[in-house]
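Comments concern the structure below.
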Amino acid sequence: MNSFALHILAMLLMLCDHLQLTLLPELPILRCVGRLAFPLFAFMAVEGYLHTRSLKNYLLRLLMLAVISEIPFDLLVIGSVFYPVHQNVIWTIVLGLCCIWAFENIAADRQRLLSAVVIIASLGAAIIADVDYSSAGVLTLLAFYAFRGTTVRCRLLQLLSLGFINLVLLGGVELTFPYQALAVLSLPIIWLYDGSQGPHNGFIKAANYLFYPAHMLMLALLAI
């Protein structure tokens, strides 16, 4: 499975999740399959980090997307154009990539003090700003970076880390069906990734970015 296919699948799973949130609350199965979306996006963001020619430009594009997505996200979640209490998931990805940069520097024995500050600040910002998936979302990206690879050991560590993040950190004291734990089912899909890019041009790249705010805005308007 190439990068293009993973992106398409992740977008469809996210759409299912948001459909259940807005138009089809009577279909919890959509919430179940939607739990797989964020790990797929987190994994692909890490792949983007590893293969980008300019981390600065990559982060700038994501920051622009985060800003553009905030009003559609607020409309989807709370029905208001301004809701400063909770922030969209693109901010989570940006903070996660900052943590990866810092972790990479510490591992290479570079700028260790600055890197430690960046990691603490990123995790703290995720909690204080209440970004989607909070600091657990940031740790998801860091886990995919730290345990990247196709060996049995790497995949076992991915399974353990994703299980801990989703069942313990995000699952909390949930006494009903642990929907969030279903996120670990994204791993067999991720393990099918062959490292290739697949179809890629300017239009596809723009569509991948803009799908997030566009589908949220459309669902929010339909739910009015």
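Keep in mind that this is a model prediction, so the values were computed, not measured.
Using cut-offs of 30° and 60° on the angle between ring planes, the pair F211 and H215 is parallel.
The closest side-chain heavy-atom distance from T52 to N57 is not below 4.5 Å. When side chains are defined from C-beta on, L50 counts as touching E47, because their heavy atoms get closer than 4.5 Å. The shortest side-chain heavy-atom distance between M11 and Y212 does not fall under the 4.5 Å cut-off. Under the 4.5 Å side-chain criterion, counting only non-hydrogen atoms from C-beta, F82 is not in contact with E70. Side chains of M64 and Y209 form no contact here, defined as non-hydrogen atoms less than 4.5 Å apart. At a threshold of 4.5 Å between non-hydrogen side-chain atoms, the residues P199 and N2 count as touching. V46 is not listed as a side-chain neighbour of F41, based on a closest heavy-atom distance of 4.5 Å or more.
Taking SG of C98 as the start and CD1 of I93 as the end, the distance is 12.0 Å to the nearest 0.5 Å. Between the CG atom in L59 and the CZ atom in R61 there is a gap of 9.0 Å [rounded to 0.5 Å]. Rounded to the nearest 0.5 Å, atoms NE2 (H18) and CE (M218) are 14.5 Å apart. How far CE of M44 is from CG of L6: 5.5 Å, rounded to the nearest 0.5 Å. The CE atom of M216 sits 11.5 Å away from atom OG1 of T22, with the distance rounded to the nearest 0.5 Å. Atoms CG and CG, from L36 and L187 in turn, are 9.0 Å apart once rounded to the nearest 0.5 Å.
Looking at every heavy atom in both residues, P72 comes nearest to L217 through CB-N, 3.9 Å. Annotation for D74 and H86: closest pair OD1-O, 3.9 Å, computed over non-hydrogen atoms. Taking every heavy atom of both residues into account, I119 and A102 meet most closely at CG1-CB, 3.5 Å.
Cluster annotation: L75 is not connected to V89 through the hydrophobic network of ILVMFWY side chains, with a link wherever side-chain heavy atoms come within less than 4.5 Å.
Judged by distance alone, the side chain of Y83 and the main-chain N or O of F73 form no donor-acceptor pair under 3.5 Å. Not one N or O on the side chain of S134 forms a donor-acceptor pair closer than 3.5 Å with the backbone of D130. Not a single donor-acceptor pair under 3.5 Å links the side chain of N105 to the backbone N or O of Q111. With hydrogens and angles ignored, the 3.5 Å screen pairs a side-chain donor or acceptor of Q20 with a backbone N or O of P25.
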Query raised in the report: So Y58 and Y49, ring pair (Phe, Tyr, Trp, His ring centres under 6.0 Å) or not? Walk me through it.
Result: CA-CA 8 Å; Y58 185 37; Y49 175 92; 7.7 Å; no

Query raised in the report: F43 and Y193: ring pair (Phe, Tyr, Trp, His ring centres under 6.0 Å), yes or no, with the steps?
Result: CA-CA 10 Å; F43 174 78; Y193 176 58; 5.4 Å; yes

Requested in this report: Please step through side chain to side chain contact (heavy atoms under 4.5 Å, CB included) for the pair L15 and L219, ending with a clear verdict.
Outcome: CA-CA 9 Å; L15 178 60; L219 289 177; 4.1 Å; yes

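D17 has no carboxylate O lying under 4.0 Å from a charged side-chain N of R31, or vice versa, which leaves the two without a salt bridge.
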Side-chain donor-acceptor contacts of residues 139-149 below 3.5 Å, not counting sequence neighbours, with atom names and distances?
residue, atom, partner, partner atom, Å
T140, OG1, A136, O, 2.8
Y145, OH, E104, OE2, 3.0
R148, NH1, Y145, O, 2.6

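With D132 as the partner, the side chain to side chain contact (heavy atoms under 4.5 Å, CB included) test is satisfied by one option alone out of I90, V77, T92: T92.
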